[in-house]
**Q** 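This is the structure I want to talk about, given as structure tokens.
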Amino acid sequence: MYWQTRRFRIDLSRPRVMGIVNVTPDSFSDGGQHGDARAAIAHCERLVAEGADILDIGGESTRPGAPRVDTDGEWARIAEVLAAAVRLGVPVSVDTCKPEVMRRALDAGADIVNDVQALQLPGALAAVAGGGAGVCLMHMRGEPASMMDLAVYDDVVAEVAAFLAGRARAAVDAGIPADRIALDPGYGFAKTAEHNLRLLAGQQRLAELGFPLLVGWSRKRTLGDITGRPVDQRLAASLAAALRAVSAGARVIRVHDVPATVDALKVWAAVDAATIPPSA
Ligand code: HH2
């Protein structure tokens with residue numbers, strides 16, 4: 001399996017690590033740490049040196065209750081960082097739901113659009129289709145400010161699968177080739193801890209939709225609920241969730257802590273390579 005992006009065809013025969021670059025003052029785990037362009041560019045360089053396969057650059061926090069940023073404000077945060085990141089030799093993703101930010105990012109050389117709103121805003125499908133980018137379509141409901149009020153499901157796995165299949169269809173209908181599309185269950189977005197765990201337990205069903213699965217468990221609140229750890233002490237829990245997600249079909253893991261995740265996935269891939277398939 002592979003994921004076609006603008007400049008790179010990403011081989012997913014082994015799981016890949018997407019390193020998070022939040023150029024924001026208020027992200028839930030690292031807000032303000034890479035808030036100015038110089039610090040964020042240094043962070044990009046560090047993540048690539050540590051083995052990140054993809055960089056994901058975002059200028060707006062999506063944590064529950066986060067305030068909205070307008071188009072120019074979001075672009076001002078990420079423009080310089082993006083321009084430097086596209087010269088680092090790895091695919092660069094832009095984490096945005098705004099069509100105008102997508103267009104500017106693609107003009108600046110971004111390879112992938114990572115949209116937590118799954119290209120639902122007017123003009124978003126066309127921005128990606130016209131720009132030739134890869135895209136990650138994520139499941140959520142509502143807006144970050146209100147999403148936890150919408151965390152009500154009869155069957156979370158079936159409902160997320162139906163939503164993602166529908167958005168993939170909409171993307172293909174808008175002219176985005178199927179091999180450019182990745183899907184994401186949206187752990188932590190309009191979902192309680194119980195929903196997140198149920199979804200991970202049933203995640204294989206999402207992988208069976210036939211698109212690469214990208215997942216983000218890194219440092220998220222459900223891991224704190226399980227372990228009792230604050231956000232800066234959730235590395236072990238994040239690795240456990242990442243490995244469980246890979247075992248259930250995920251091919252791209254979006255993380256803050258790149259070196260530890262790279263090592264964990266190397267071990268997973270080594271065992272995978274040594275596994276003898278059952279004879280027919
Ligand atoms: N999670 C966050 C942001 N973007 N994109 C995808 N595809 N999947 C995710 O799970 C996902 C995402 C939230 O994490 P983070 O970027 O660290 O925080 P914030 O949104 O507060 O900046």
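Remember, predicted model here, so these are calculated numbers, not experimental data. We count ligands from 1, going down the list as the structure has it; atoms in each ligand are counted the same way. Along the sequence shown, the residues carry numbers beginning at 1.
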**Q** Determine whether the side chains of Asp11 and Ser13 contain a donor N or O and an acceptor N or O closer than 3.5 Å.
**A**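 A donor-acceptor contact under 3.5 Å links the two side chains.
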**Q** Is the closest N or O pair between Asn114 and ligand 1 shorter than 3.5 Å?
**A**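 The answer is yes, given that Asn114 and ligand 1 share an N or O pair closer than 3.5 Å.
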**Q** Out of all atoms in ligand 1, which are within 4.0 Å of some heavy atom of Arg63? Include the element for each.
**A**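 Near Arg63, meaning under 4.0 Å from one of its heavy atoms, ligand 1 has 20 (O), 21 (O).
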**Q** When only distance counts, is Asp30 in polar contact with ligand 1, meaning an N/O pair under 3.5 Å?
**A**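 No.
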**Q** Is the centre of the His139 ring less than 6.0 Å from the centre of the Phe189 ring?
**A**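 No, the ring centres sit 6.0 Å or more apart.
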**Q** Checking contacts here: is it the side chain or the backbone of Arg219 that comes within 4.0 Å of ligand 1, counting heavy atoms only? Could be both or neither.
**A**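 Neither part.
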**Q** Tell me the contacting part of Trp217 for ligand 1: side chain, backbone, both, or neither, using a 4.0 Å heavy-atom threshold, strictly below.
**A**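 It is neither; nothing of Trp217 touches ligand 1.
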**Q** Would Thr24 count as being in polar contact with ligand 1, using the rule that some N or O on each side must be under 3.5 angstrom apart?
**A**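 Checking ligand 1 against Thr24, no N or O pair falls under 3.5 Å apart.
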**Q** Does the N or O separation between Ser29 and ligand 1 drop below 3.5 Å for any pair?
**A**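 Among all N and O atoms of Ser29, none is under 3.5 Å from an N or O of ligand 1.
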**Q** Mind checking whether Val116 contacts ligand 1 via backbone (N, CA, C, O), side chain (CB onward), both or neither, at a 4.0 Å heavy-atom cut-off?
**A**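 It is the side chain that touches ligand 1; the backbone stays farther off.
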**Q** Under 4.0 Å from ligand 1, counting heavy atoms only, is it the side chain of Met138, its backbone, both or neither?
**A**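 It is the side chain that touches ligand 1; the backbone stays farther off.
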**Q** Of the protein's non-hydrogen atoms, which lies at the shortest distance from atom 2 (C) of ligand 1, and what is that distance?
**A**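 In this structure, atom 2 (C) of ligand 1 has Arg254 NH1, 3.3 Å as its nearest protein heavy atom.
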**Q** Hydrogens and angles aside, do Asn196 and Thr222 bring a side-chain donor and acceptor to less than 3.5 Å of each other?
**A**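 The answer is yes; a qualifying pair exists.
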**Q** With respect to Phe189, determine whether any N or O atom, backbone or side chain, lies less than 3.5 Å from an N or O atom of ligand 1.
**A**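 Such a contact does not occur with ligand 1.
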**Q** Return yes if some donor-acceptor pair links the side-chain N/O of Asp53 with the main-chain N/O of Val17 below 3.5 Å, else return no.
**A**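 Between the backbone of Val17 and the side chain of Asp53 there is a qualifying donor-acceptor contact (under 3.5 Å).
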**Q** With atom 21 (O) of ligand 1 as the reference point, say which of Ser93, Gly59, Ser61 has the nearest heavy atom.
**A**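 Ranked by closest heavy atom to atom 21 (O) of ligand 1, first place is Ser61.
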**Q** Which residue and atom name correspond to the protein heavy atom nearest atom 6 (C) of ligand 1, and how close is it?
**A**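 Residue, atom and distance for the closest contact: Asp184 OD2, 3.1 Å.
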**Q** Between Cys136 and ligand 1, which residue portion shows a heavy-atom distance shorter than 4.0 Å: side chain, backbone, both, or neither?
**A**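 The part of Cys136 near ligand 1 is the side chain, not the backbone.
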**Q** Between Asp95 and ligand 1, find which residue part has any heavy-atom pair under 4.0 Å and reply side chain, backbone, both or neither.
**A**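 Under 4.0 Å from ligand 1, Asp95 contributes side-chain atoms alone.
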**Q** Provide, to 0.1 Å, the distance between atom 18 (O) of ligand 1 and the closest protein heavy atom, together with that atom's residue and name.
**A**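 Going atom by atom, the protein heavy atom closest to atom 18 (O) of ligand 1 ends up being Phe28 CD2, 3.2 Å.
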**Q** In Å and rounded to the nearest 0.5 Å, what is the CE to CZ distance from Met148 to Arg221?
**A**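 Interatomic distance, Met148 CE to Arg221 CZ, rounded to 0.5 Å: 6.5 Å.
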**Q** Going by atom types only, do Arg46 and His43 share a side-chain donor-acceptor pair under 3.5 Å?
**A**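 Checked: Arg46/His43 side chains pair up, N/O donor to acceptor below 3.5 Å.
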**Q** Nearest protein heavy-atom contact for atom 17 (O) of ligand 1: which residue, which atom, what distance?
**A**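 Answer, as residue, atom name and distance: His256 NE2, 2.7 Å.
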**Q** Before signing off on this row, confirm whether Lys220 and ligand 1 have an N or O atom pair separated by under 3.5 Å.
**A**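 In this structure, Lys220 places an N or O atom under 3.5 Å from an N or O of ligand 1.
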**Q** Does Tyr187 reach ligand 1 with a nitrogen or oxygen that is under 3.5 Å from one of the ligand's nitrogen or oxygen atoms?
**A**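 No.
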**Q** Measuring only between side-chain heavy atoms, which start at C-beta, is Val69 closer than 4.5 Å to Arg77?
**A**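 A side-chain contact under 4.5 Å exists here.
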**Q** Any luck finding a side-chain donor-acceptor pair between Tyr153 and Glu194 under 3.5 Å?
**A**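 No, Glu194 and Tyr153 have no side-chain donor paired with an acceptor closer than 3.5 Å.
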**Q** Should His256 and Ile20 be marked as a side chain to side chain contact (heavy atoms under 4.5 Å, CB included) after you check the CA-CA gap, both sets of side-chain angles, and the distance that decides it?
**A** CA-CA 5 Å; His256 303 88; Ile20 301 171; 3.6 Å; yes
**Q** At a non-hydrogen distance cut-off of under 4.0 Å, which region of Thr62 contacts ligand 1 (side chain, backbone, both, or neither)?
**A**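 The part of Thr62 near ligand 1 is both the backbone and the side chain.
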**Q** Side chains of Arg254 and Asp56, heavy atoms from C-beta outward: is any pair under 4.5 Å?
**A**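 They are in contact (side-chain heavy atoms under 4.5 Å apart), so the answer is yes.
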**Q** Indicate whether the side chain of Trp75 and that of Thr96 have a donor and an acceptor atom separated by less than 3.5 Å.
**A**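 Judged by distance alone, the side chains do not pair up.
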**Q** Counting neighbours of CD on Glu80 that are heavy atoms of other residues, nucleotides or ligands and sit closer than 6.0 Å, is the number greater than 12?
**A**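 Counting other residues, nucleotides and ligands, CD of Glu80 stays at 12 neighbours or fewer.
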**Q** Is Asp56 in polar range of ligand 1, meaning some N or O pair under 3.5 Å apart?
**A**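 Such a contact does not occur with ligand 1.
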**Q** Is there a donor-acceptor pair closer than 3.5 Å between any side-chain N or O of Thr5 and the backbone N or O of Phe8?
**A**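 Yes.
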**Q** Provide, to 0.1 Å, the distance between atom 22 (O) of ligand 1 and the closest protein heavy atom, together with that atom's residue and name.
**A**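 Checked against all protein heavy atoms, atom 22 (O) of ligand 1 sits closest to Ser27 OG, 2.4 Å.
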